[in-house]
2 protein chains.
Amino acid sequence: MKLSTRSRYGTRLMLDMAQHYMKGPIQLGTIAKRQNIPVKYLEQIIIPLKKAQYVKSVRGNKGGHYLARPPEEITVGEIVAILEGGLRLTKCTDEPDACKRHEDCLTRAVWKQATDAMHEKLNSITLSDLLKTGDPCEYEMDTEDNPT
Amino acid sequence: MKLSTRSRYGTRLMLDMAQHYMKGPIQLGTIAKRQNIPVKYLEQIIIPLKKAQYVKSVRGNKGGHYLARPPEEITVGEIVAILEGGLRLTKCTDEPDACKRHEDCLTRAVWKQATDAMHEKLNSITLSDLLKTGDPCEYEMDTEDNPT
DNA sequence: AAAATAATATACTAAAATACTATAGATTCA
DNA sequence: TGAATCTATAGTATTTTAGTATATTATTTT
């Protein structure tokens, strides 16, 4: 029932890019240092986010990644859903027929309701909301490795 | 982010006992057949539930297990928390200090809120609530293996 | 043109968690 | 006594998680 590092790192990755939205591409190496996450792992994590069109990239020297949409239009729920392969506590939440007991299963309704509650909360929070809760300057200053 | 079979089987185990509350001990073998869960696995799962005083048992021939409290006083959230080792999406939800980034972590608040939403929903549903949603007779009749 | 930088692609691996299974022993009832 | 049932402890196969490693492609700077 725990979130994987994929979702958590991925959310921080997206949040980092949100903090530098519209300032040109950022290198994964920079984010990796800033967030203390292995670069090679970030490279894996960003793939599905690119496929889902939440992130775009520029190759080559001075290249990098950037958000394809404004932070106000990206929810944490969307990020987690992409990286976790769905936002649900059980498989049967989405696909009742996946379980042969689905006809007289009394518990499925509970998992569905708990999933919905979590779902609703996560989808109500955007990257932009998160930025407002903290002090962005704290992050802007942390640029000794950033050759802007 | 998925529930383990431990929580799901465990909930069905508790629900099965709830359906036979106050009718004497039920053998795990009977529940295993009824719920189509390996007996040996149920034996593992029931241990923490006994330790947490939600279940009591009678040893020996004609022995079995039974709920230590009425179904109205047992929530699904309690069962899941016992079997999943807590009801939270991240470790930092409970123990902020567990993470060294906790001071300037913008994401922790989200995991906390989503956890709370799930928590609240699961703790609002009792075994008794679940029994009302289905047809108990359906289960009473399924007793060809039950030597009552 | 060459060198440096950064993304992309693919494959590999160690460790942990999950989902059981096996064996032996203790307890109770008939 | 013997069958049934819970209890305790250990073992194991599979899957998932959390990364690493290597090589390639694309772009910019020198």
Side-chain angles (χ1 to χ4, degrees), chain A residues 1-13 17 20 24-51 54-68 80 83-86 89-91 145-148, chain B residues 1-13 17 24-51 54-68 80 83-86 89-91 99 145-148:
Chain A
M1 211 192 24
K2 292 267 175 61
L3 287 173
S4 64
T5 53
R6 270 174 72 90
S7 335
R8 293 188 288 109
Y9 290 0
T11 302
R12 279 163 57 198
L13 166 65
M17 286 189 285
H20 301 85
I26 318 162
Q27 295 77 41
L28 280 187
T30 305
I31 299 179
K33 278 182 193 162
R34 213 147 45 194
Q35 300 292 334
N36 199 32
I37 299 170
V39 198
K40 283 292 168 190
Y41 198 19
L42 277 186
E43 288 175 352
Q44 296 295 320
I45 292 171
I46 210 167
I47 293 173
L49 293 168
K50 274 175 56 74
K51 278 192 183 153
Y54 281 77
V55 173
K56 288 189 176 172
S57 62
V58 178
R59 294 179 74 152
N61 197 353
K62 300 289 176 190
H65 295 269
Y66 57 96
L67 291 188
V80 174
L83 294 172
E84 209 77 25
L89 290 176
T90 61
K91 195 179 182 187
D145 300 312
N146 193 5
T148 305
Chain B
M1 209 191 24
K2 293 266 176 62
L3 287 173
S4 64
T5 52
R6 270 174 73 90
S7 335
R8 293 188 287 110
Y9 290 0
T11 303
R12 278 161 58 198
L13 166 65
M17 285 189 286
I26 318 161
Q27 295 78 42
L28 280 188
T30 305
I31 299 179
K33 278 182 192 163
R34 214 147 45 195
Q35 300 291 335
N36 200 32
I37 298 170
V39 198
K40 282 293 168 190
Y41 200 18
L42 277 186
E43 288 174 352
Q44 296 295 319
I45 292 171
I46 210 166
I47 294 174
L49 293 168
K50 275 173 56 72
K51 277 191 184 154
Y54 281 77
V55 173
K56 289 189 176 173
S57 61
V58 178
R59 295 179 75 154
N61 197 356
K62 300 288 174 190
H65 295 269
Y66 58 95
L67 292 187
V80 174
L83 295 172
E84 210 77 26
L89 290 176
T90 60
K91 195 180 182 187
C99 174
D145 300 312
N146 193 4
T148 307

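In the text below, chain A, chain B and the rest are named by the order of the sequence lines, each starting its count at 1. Hydrogens, waters and symmetry mates are skipped; everything else that's a heavy atom, side chains included, is used.
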Once you round to the nearest 0.5 Å, how far does NE2 of His65(A) lie from CG of Leu42(A)?
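Here the interatomic distance stands at 9.0 Å.
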Roughly how far, to the nearest 0.5 Å, is the CD atom of Gln35(B) from the CG atom of Leu28(B)?
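The CD atom of Gln35(B) is 11.5 Å from CG of Leu28(B), to the nearest 0.5 Å.
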List the steps and the verdict of side-chain contact (heavy atoms from CB on, under 4.5 Å) for Thr30(A) and His20(A).
CA-CA 12 Å; Thr30(A) 305; His20(A) 301 85; over 6 Å; no
Determine, stepwise, if the pair Met17(B) / Ile31(B) fulfils side-chain contact (heavy atoms from CB on, under 4.5 Å).
CA-CA 8 Å; Met17(B) 285 189 286; Ile31(B) 299 179; 3.8 Å; yes
Under the criterion side-chain contact (heavy atoms from CB on, under 4.5 Å), I'd like the reasoning laid out for Val55(A) against Ile46(A): C-alpha separation, chi angles, the key distance, then a yes or no.
CA-CA 8 Å; Val55(A) 173; Ile46(A) 210 167; 4.0 Å; yes
Between atom [atom1] in [X] and atom [atom2] in [N], what is the gap in whole Å?
X        : N       : atom1 : atom2 : value
Ile45(B) : dT7(D)  : CD1   : C1'   : 16 Å
Leu13(A) : dA7(C)  : CG    : C1'   : 14 Å
Glu43(A) : dA6(C)  : CD    : P     : 12 Å
Lys50(A) : dA7(C)  : NZ    : C1'   : 8 Å
Lys51(A) : dA7(C)  : NZ    : C1'   : 15 Å
Leu49(B) : dT7(D)  : CG    : P     : 12 Å
Asn36(B) : dA19(C) : CG    : C1'   : 15 Å
Ile46(A) : dA9(C)  : CD1   : C1'   : 15 Å

side-chain N/O Ser57(A) vs dA6(C) OP1/OP2, d < 4.0 Å
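For dA6(C), neither OP1 nor OP2 has a side-chain N or O of Ser57(A) closer than 4.0 Å.
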Decide yes or no for Ile47(B) and Glu43(B): does some side-chain heavy atom of the first lie under 4.5 Å from some side-chain heavy atom of the second?
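No, too far: nothing below the 4.5 Å cut-off.
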Under a 4.5 Å cut-off applied to non-hydrogen side-chain atoms, are Leu3(B) and Val80(B) in contact?
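The answer is yes; the side chains approach within 4.5 Å.
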Could you run down nucleotides 9-18 of chain D 5' to 3' and tag each one B, S or - for protein heavy-atom contact under 4.0 Å?
BB-------B
Summarise how protein sits on nucleotides 23-30 of chain D as a single string, 5' to 3': B when a protein heavy atom is under 4.0 Å from the base, S for sugar-phosphate-only contact, - for no contact.
B-BBBB--
Tell me what [X] touches on the nucleic acid: a base, only sugar-phosphate, or nothing, going by heavy atoms under 4.0 Å.
X        : answer
Leu28(A) : sugar-phosphate
Gly64(A) : sugar-phosphate
Lys2(A)  : nothing

Intermediate values then yes/no, side-chain contact (heavy atoms from CB on, under 4.5 Å), Val58(A) and Tyr66(A)
CA-CA 9 Å; Val58(A) 178; Tyr66(A) 57 96; 3.9 Å; yes
Which residues share a side-chain hydrogen bond (donor to acceptor under 3.5 Å, both in side chains) with Arg6(A), sequence neighbours left out:
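side-chain hydrogen bond (donor to acceptor under 3.5 Å, both in side chains) check on Arg6(A) returns nothing, list empty.
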